[in-house]
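Just so you know, these numbers come straight off a predicted model, no measurement behind them. We name chains A, B, ... by the order of the sequence lines, and we start the count at 1 in each one.
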Amino acid sequence: MITVKDLHKKFGDNEVLKGINCEIKPSEVVCVIGPSGSGKSTFLRCLNVLETITSGEVIVDGFNLNDKKTNINKVRTEVGMVFQQFNLFPHKTVIQNVMLAPEKVRKISSQEARERGMKLLEKVGLLEKADQYPSQLSGGQQQRVAIARALAMEPKLMLFDEPTSALDPELVGEVLEVMKQLALEGMTMVVVTHEMGFAREVADRVLFMDQGVIMEADTPENIFSNPQNERTKAFLNKVL
Amino acid sequence: MIGQFNWAGVLEFLPELGTGLYYTLLISIIGLLIGFILGAIFGLGRISRNKFYYGISSFYIEVIRGTPVLVQAIWIFFALPLITGYNMESVTAGIVVIGINSGAYIAEVVRGSVQSIDKGQVEAGRSLGLTHHQTMRYIVWPQAFKRMIPPLGNQFIISIKDTSLLSVILVPELMFQGRLIASNYFNAVEIYTTVAVFYLAITLTLSYVLRYIERRLDVQ
Ligand SMILES: Nc1ncnc2c1ncn2[C@@H]1O[C@H](COP(=O)(O)OP(=O)(O)OP(=O)(O)O)[C@@H](O)[C@H]1O
Ligand SMILES: [Mg+2]
């Protein structure tokens with residue numbers, strides 16, 4: 001599903017990603033952990049070209065993202081993204097948030113988009129909020145809408161950038177629950193997270209990033225119980 | 001002198017003042033319409049990555065904001081015909097002046113409002129596969145437009161009052177008519193007070209309408 005070879009990303013002179021290599025298979029759930037500033041968000045954002053790629057090869061669903069001829073909009077329709085700050089459209093109701101892209105990008109009828117949207121809202125447990133505005137919802141509810149909005153495009157791959165970091169602790173669970181469900185249904189997911197419990201329970205693989213490279217990649221059992229890299233050990237000692 | 005004013009006498013000049021009001025409104029409405037179009041074009045220029053578009057927009061905005069309306073009016077009405085050999089009627093010139101002048105300020109309003117929209121909104125739109133154009137149209141513009149209304153209303157009011165300066169280029173607007181009457185009949189207090197009330201009536205009505213629109217748009 002994703003192949004990354006020697007990915008480098010620079011902001012001006014600041015090299016943030018210093019040669020990332022990894023392979024993610026369909027239906028795999030990969031959690032990315034690591035200290036602040038290590039480049040986790042940047043890496044994730046390179047996977048749907050919200051950040052331009054400085055050098056290296058990133059292949060997503062068969063598309064070479066570092067090729068000017070690739071239609072990035074087309075790629076993005078297959079790659080859903082969920083942000084830390086939700087980024088719902090405040091001038092649109094919940095159902096309108098979910099319907100917008102399928103209607104405008106996939107060009108399906110308004111009625112079909114609504115039906116699809118309602119099904120997804122039901123799935124994330126927010127059917128009764130369909131006609132409310134985002135500002136009327138709690139953070140946890142907003143994030144679940146954001147997940148439904150991304151799913152409405154029927155993506156093959158979902159990217160999550162610290163989806164629960166902006167939430168009050170008591171609201172984290174409901175969002176993780178939706179994500180867990182998604183993982184069980186076989187969605188390919190890349191999740192940047194500080195929720196080690198989630199990573200341990202749901203991830204097929206955990207990538208530990210530090211200083212712009214993947215220091216260690218392994219199953220959650222191995223990473224959490226028997227980390228090989230000194231930096232991984234130091235990081236886990238701090239957060240666990 | 002108190003008590004000697006002849007307020008009833010103002011009624012006699014209502015037709016002239018009415019003509020003035022007509023031109024003030026005409027020039028304000030058409031001028032601001034042009035200003036809105038110019039403002040949208042050059043406001044977008046100021047956020048464009050195209051250097052030429054950006055350059056032209058900045059030049060226009062800086063030149064207009066950096067010179068007085070009065071100078072712009074005189075230049076367009078008296079100097080421009082000398083260069084181009086084409087004479088403009090004073091009312092037309094007045095509309096052009098208000099249009100060009102308000103356009104520069106409205107451009108800054110447009111730029112500010114669009115830039116005030118969180119970039120997470122654009123990222124959310126683009127990550128869903130919307131094109132840049134679709135993201136602007138469905139996500140950024142509707143939100144930016146709402147934020148534009150208060151500063152836009154402010155500019156509308158300033159421009160309406162600026163039309164009073166057009167009397168120097170002989171536009172028969174309210175101020176011009178008032179001055180004409182006052183200098184002939186020596187009733188300056190009554191006439192200028194009446195003129196002031198007319199301006200106030202226009203600007204208060206506008207404020208009210210804008211506040212109504214704002215409230216209607218503020219459904220969430
Ligand atoms: N748009 C940008 N322009 C310049 N520098 C940036 C930009 N985005 C990120 N950076 C820099 O890149 C580095 C990595 O940032 P990134 O957001 O990828 O880290 P992160 O691992 O996600 O951290 P966190 O856990 O705090 O979210 C940081 O030093 C940051 O300052
Ligand atoms: Mg981050």
Chain B contact via A:Arg45 - which portion, at a heavy-atom distance below 4.5 Å
side chain

Is B:Leu17 close to B:Thr194 at the side-chain level, that is, under 4.5 Å between some pair of heavy atoms?
yes

For the residue pair B:Arg147 and B:Ser116, confirm or rule out a side-chain donor-acceptor distance under 3.5 Å.
yes

Between B:Phe36 and B:Phe145, what is the ring plane arrangement, given parallel below 30°, perpendicular above 60°, and tilted in between?
perpendicular

Heavy-atom pair with the smallest gap, counting every atom of A:Ala183 and A:Val202
CB-CG1, 3.6 Å

Heavy-atom pairs under 4.5 Å with chain B - which of A:Leu88, A:Leu159, A:Ile72 has more of them than the others?
A:Leu88

Highest number of heavy-atom pairs under 4.5 Å with chain B among A:Val79, A:Asn73, A:Val82 belongs to A:Asn73

If we define contacts as heavy-atom pairs under 4.5 Å, which of A:Lys104, A:Met153, A:Glu78 has the most with chain B?
A:Lys104

Atom pair CD1/CD of B:Ile47 and B:Gln115 - distance to nearest 0.5 Å
6.0 Å

Side chain from CB out, backbone as N, CA, C, O: work out which of these in A:Phe83 comes under 4.5 Å of a heavy atom of chain B, or both, or neither.
side chain

Go through the atoms of B:Gln134 and report whether side chain, backbone, both or neither lie under 4.5 Å from a heavy atom of chain A.
side chain

Close side-chain approach of A:Ile214 to A:Val32, heavy-atom, < 4.5 Å:
no

Top of A:Asn48, A:Thr77, A:Leu50 for chain B proximity - count of heavy-atom pairs under 4.5 angstrom:
A:Leu50

